[in-house]
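Naming: A, B, ... by sequence-line order, numbering from 1 per chain.
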Amino acid sequence: MNQQPNYALYDKIYTVCEQIPHGKVASYGDIAAIVGGGCDARTVGYALNEIPTDRAGVPWQRIIAKDGAISTRGLTQRQLLEAEGVEFDAHDRAIMARFRWDGPSADWAAEHGFQTLPPRDEGDRAEQMSLF
DNA sequence: CAGATGACTCCCA
DNA sequence: CTGGGAGCCATCT
């Protein structure tokens, strides 16, 4: 049709993104995992790239790559995050170990039909501890 | 329905 | 670090 097609799954993606608290970030894969239902990290990225004016309030800047790297088309996404208190290292990557969103609460997820973030590996957890 | 596109992620050299 | 290839998905032409 036009620039605002029949977003079914996209709408859910936007809803999840809006749950990310101020000063936190999440990866595409995380959002996909929360949305579930055949959603993929790519799908999340595509959805964020086509945010309709109706969803202009979606904090798209808080969705970054799994490594904390920003690969958005030259947008000043980093500045927006820094303004929220998110810190970056010398590698231009957000410190995911400290600012990564833990996912929605079990109540909220159940309430809206979403899922909580799956448990992480020991390695990632150890990384968080070491940074603290 | 097939082909193309796109803010991903993982693995290997 | 860079580059290539594969897998996965929604939406548009």
**Prompt:** Which part of the nucleic acid does A:A47 contact within heavy-atom distance under 4.0 Å: base, sugar-phosphate only, or nothing?
**Reply:**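 Nothing: the residue A:A47, judged by heavy atoms under 4.0 Å, touches no strand.
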**Request:** Kindly indicate, with the supporting measurements, whether the criterion salt bridge (Lys or Arg N to Asp or Glu O under 4.0 Å) is fulfilled by A:R55 and A:D11.
**Result:** CA-CA 9 Å; A:R55 294 283 187 175; A:D11 185 55; 2.3 Å; yes
**Asked** With sequence neighbours left out, what residues match A:A83 under side-chain contact (heavy atoms from CB on, under 4.5 Å)?
**Response**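 Per chain and number, A:A83 pairs via side-chain contact (heavy atoms from CB on, under 4.5 Å) with no residue.
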**Asked** Are A:D40 and A:T43 close enough that a side-chain donor and a side-chain acceptor fall under 3.5 Å?
**Response**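 No, because no side-chain N or O of A:D40 sits under 3.5 Å from a partner of the opposite role on A:T43.
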Report each atom pair, protein N/O against N/O of nucleotides 10-13 of chain B, whose distance is under 3.5 angstrom.
{"from": "B:dC10", "atom 1": "OP1", "to": "A:K66", "atom 2": "NZ", "distance (Å)": "2.4"}

**Message:** Please enumerate all residues that pass side chain to side chain donor-acceptor pair (under 3.5 Å) together with A:D92, with sequence neighbours excluded.
**Reply:**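 A:D92 satisfies side chain to side chain donor-acceptor pair (under 3.5 Å) with A:R78 only.
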**Prompt:** Can you list the steps and then say if A:E84 with A:K24 is a salt bridge (Lys or Arg N to Asp or Glu O under 4.0 Å)?
**Reply:** CA-CA 8 Å; A:E84 296 188 350; A:K24 289 278 187 176; over 6 Å; no
**Message:** Does anything in residues 17-26 of chain A come within less than 4.0 Å of DNA chain B? Heavy atoms only, and list the residues if so.
**Reply:**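 The stretch gives none, as no residue of it lies under 4.0 Å from the strand.
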**Message:** Near DNA chain B, counting only heavy atoms under 4.0 Å, which residues of residues 79-91 of chain A show up?
**Reply:**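 Residues of residues 79-91 of chain A that come under 4.0 Å of DNA chain B do not exist, since none gets that close.
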**Request:** Starting at atom CG of A:N49, determine the distance to atom P of C:dT11, rounded to an integer number of angstrom.
**Result:**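 The distance from CG of A:N49 to P of C:dT11 comes to 14 Å, rounded to the nearest Å.
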**Request:** Would you please name every residue forming a ring pair (Phe, Tyr, Trp, His ring centres under 6.0 Å) with A:Y10, sequence neighbours left out?
**Result:**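 In terms of ring pair (Phe, Tyr, Trp, His ring centres under 6.0 Å), with neighbours along the sequence ignored, A:Y10 is linked to A:Y7.
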**Asked** For DNA chain B, whose closest nucleotide is more 5', that of A:T43 or that of A:G29?
**Response**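 In this pair, the answer is A:T43.
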